[in-house]
Amino acid sequence: APMRQNSVPNGNSPLKLFTQAKTTITDIFKHISTYVNDSNIFLADVTKSDKKLLTVDKHDDLQQLKEKVTRILTIISRDHMKVVFFGRTSNGKSTVMNAMLRERILPAGMGHTTNCFLQIEGTDKLDAYVLVPPSDEPKSIVSLKDLGSALSREKLNSDSLVKILYPKEKCRLLRDDVILVDSPGIDVSANLDQWIEDHCLDADVFVLVVSAEATITVAEKKFLHNVAQRLSNPNIFILMNRWDAIVNEEENVDKVRQQHLERGMEFLCDELHLYDRKVVADYRVFFVSAREAVLHRAPDPSSSPRTGFAEGYKERLTEFTKFEQEFEKCISKAAVRTKFEQHTNRGKEIINLLRDTMVNITDKSHSLKQQTVQKRTEESEKHDFIEKELKSMMETTKDRIRHVSEDVYKRVAQ
Ligand code: GTP
Ligand code: MG
């Protein structure tokens, strides 16, 4: 099929890079799958022909390709972008997530609220449901409050993972294949290594939610140090949350902001060596109020529209949106790299294996032909046909893969 123009259309969200790349790579693997099937039919004939053009072992290997391709297609269909939120208890992790989801999905409140890992992902179903381990029986969420209390009734280990499946239709982030993971306060119950092992190794982005009234704590730093040991170059954002509280400190705003920024830079640049200072200042540390962002986006119908906003809230809302933009760029770029590079390489391997086999068969049948000086058999005609198909297939696939990755990188690399 001819290459569609603009395979990555101008969606508003940088997340589209990922979803479009996923669609394209799925098409490519479906194409490869058809080709593998055709080749298998041909190869079955070749083995039957008794001319020893193909060894039994090789034929077995090739027959397994079909299953391999099917498996890769399943993996691709489950590929997603994953972000983990963490930080000290009550810093506003759950509130930040609700703001990003534009719905009050997660229980948030004073004191220690989130008591285990909560993963939010999209479902095509119309109603939300919850999966609580060890049962795989879906439980319904009648209301969000019920979710909170249901969780507190279950005596769950802080390491365990409750999945909330929320209708994609209602939420853009979930529709675009983002999975968000909320964690218990890092100071309350931190078996850090277990957390990382169980929930963080496949994360594309980490968001540290800090209270701007306090500062980054030792526990939070330790967590990120451990993450950086396990994952090379993790993507980290720091949200200086509760920045609305600064209205009480009017005369010190700039100083406090500078102090937070300095500490963020010290940590991400000097300790973890992840970014340079300018990048941290411009793209990695944000001063926000998750509370105001939630109010603005998913207003509480029982309160008047004006309550809950502190002076200067517009600037903080803008900063929150700026964070989201950077976050979306970062997560889609990271996920495309880590997930699709692998698939692309597997696809190339499969195609190369088939091509080598075909070339081998051609060579052998040519020399056989020369020995016997026979007319072209029906078999080799069929083979020529498949070889031609394969060649054009190789070219299209390479082109498409190159086109998609170039397009994706162009769009995300700014
Ligand atoms: P745990 O789940 O206990 O670890 O806490 P958490 O980090 O998820 O905090 P949560 O989102 O539950 O917020 C704790 C309290 O802080 C809630 O009452 C929020 O309304 C409030 N809060 C969250 N963000 C802000 C903010 O930006 N400004 C202000 N003033 N309050 C906030
Ligand atoms: Mg919470």
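Note that ligands are numbered from 1 as they come in the structure, with each ligand's atoms numbered from 1 the same way.
- What you find for Leu317 and Ala293 is that their closest heavy atoms are CD2-CA, 3.7 Å.
- Nearest heavy-atom pair across Lys170 and Arg175 is N-NH1, 4.5 Å.
- Within ligand 1, counting atoms from 1 as listed, the ones closer than 4.0 Å to a heavy atom of Gly92 are 6 (P), 7 (O), 9 (O), 10 (P), 11 (O), 13 (O), 23 (C).
- Of the listed residues (Asp244, Val288, Ile186), the one carrying the non-hydrogen atom nearest atom 28 (N) of ligand 1 is Asp244.
- Here the shortest heavy-atom distance to atom 20 (O) of ligand 1, taken over Arg291, Lys93, Glu292, belongs to Arg291.
- Around atom 21 (C) of ligand 1, the closest heavy atom drawn from Arg242, Met240, Glu213 belongs to Arg242.
- Contact check for Leu101 versus Leu174: side-chain heavy atoms found under the 4.5 Å cut-off.
- A donor atom on one side chain and an acceptor atom on the other are not found under 3.5 Å apart for Asp177 and Thr19.
- Here is the list of ligand 1 atoms found below 4.0 Å of a heavy atom in Ser289: 26 (C), 27 (O), 28 (N).
- Counting all heavy atoms, side chain and backbone alike, Ser332 lies closest to Pro14 at OG-O, 3.1 Å.
- Note: no N/O pair closer than 3.5 Å links Trp243 and ligand 1 by distance alone.
- Results of the salt bridge (Lys or Arg N to Asp or Glu O under 4.0 Å) test with Asp204 over Lys339, Arg337, Lys329 single out Lys339 as the only residue that passes.
- Those atoms of ligand 1 with a heavy atom of Asn91 less than 4.0 angstrom away are 7 (O).
- Contacts with ligand 1 closer than 4.0 Å are made by heavy atoms of both the backbone and the side chain of Thr95.
- Between Tyr35 and Ile350, the closest side-chain pair of non-hydrogen atoms is not below 4.5 Å.
- Close approach of ligand 1 to Ala108 (heavy-atom distance below 4.0 Å) involves ligand atoms 10 (P), 11 (O), 12 (O).
- Using a 4.0 Å cut-off to heavy atoms of Gly185, the atoms of ligand 1 that qualify are 4 (O).
- For Ser94, the nearest N, O or S atom to the Mg ion (ligand 2) falls under 2.8 Å.
- At least one heavy atom of Ala290 sits less than 4.0 Å from an atom of ligand 1.
- Counted by atom type alone, His199 and Gln119 present zero donor-acceptor pairs between their side chains at under 3.5 Å.
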